[in-house]
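Right, one structure below, let's go through it.
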Amino acid sequence: MFFTKTAKAIAWLMVLLGGSHAVLGFAMAILGDQAMAPRYLGTDTTGEAIDEGLKVLLIGAVVGMLAEISGSIAAIAPRDADEE
């Protein structure tokens with residue numbers, strides 16, 4: 001269960017950080033000056049920031065799904081008496 005809980009925490013962090021990076025990229029692309037992207041987003045363009053943010057968000061979602069599957073399997077799997 002340790003790895004399942006850790007994976008869920010990592011997945012949430014990835015979703016939150018990736019989503020915020022993508023939202024900041026969109027906001028800067030629409031409202032701000034594109035020349036500020038290297039300073040505030042760490043990328044050359046706002047498009048790269050959006051791409052990186054969405055990649056992290058999607059990877060976080062996949063990690064979260066795998067953690068949920070792991071938790072479901074652990075809940076239905078019979079436990080041996082020797083493990084207790």
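All residue numbers refer to positions in the sequence shown, counting from 1. Quick caveat, the model's predicted, so the values are computed rather than measured.
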Please report the closest heavy-atom contact between [X] and [Y], naming both atoms and the distance.
X     : Y     : result
Gly60 : Val15 : C-CG2, 3.8 Å
Thr46 : Ala29 : OG1-CB, 3.5 Å
Met1  : Ala74 : SD-CB, 4.1 Å
Asp44 : Glu48 : N-OE1, 3.3 Å
Thr43 : Thr45 : OG1-O, 2.8 Å
Pro38 : Ala35 : CD-O, 3.4 Å

Is Tyr40 reachable from Leu24 through a run of I, L, V, M, F, W or Y residues, each pair having side-chain heavy atoms under 4.5 Å apart?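 Yes, it is one cluster - the side chains of Leu24 and Tyr40 are joined through contacts under 4.5 Å.
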Is it true that Val56 and Ile10 fall in one hydrophobic cluster, defined by side-chain heavy atoms closer than 4.5 Å?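 Yes, Val56 connects to Ile10 through the hydrophobic network.
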Determine whether [X] and [Y] make a side-chain contact, defined as any pair of heavy atoms from C-beta on separated by less than 4.5 Å.
X     : Y     : result
Leu57 : Met14 : no
Phe26 : Ile50 : yes
Met28 : Gln34 : no

I need the Ser70 OG to Lys8 NZ distance, nearest 0.5 Å.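 So the gap between those two atoms works out to 8.5 Å.
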How far does OG1 of Thr4 sit from CG of Leu66, to the nearest 0.5 angstrom?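 Here the rounded value is 10.5 Å.
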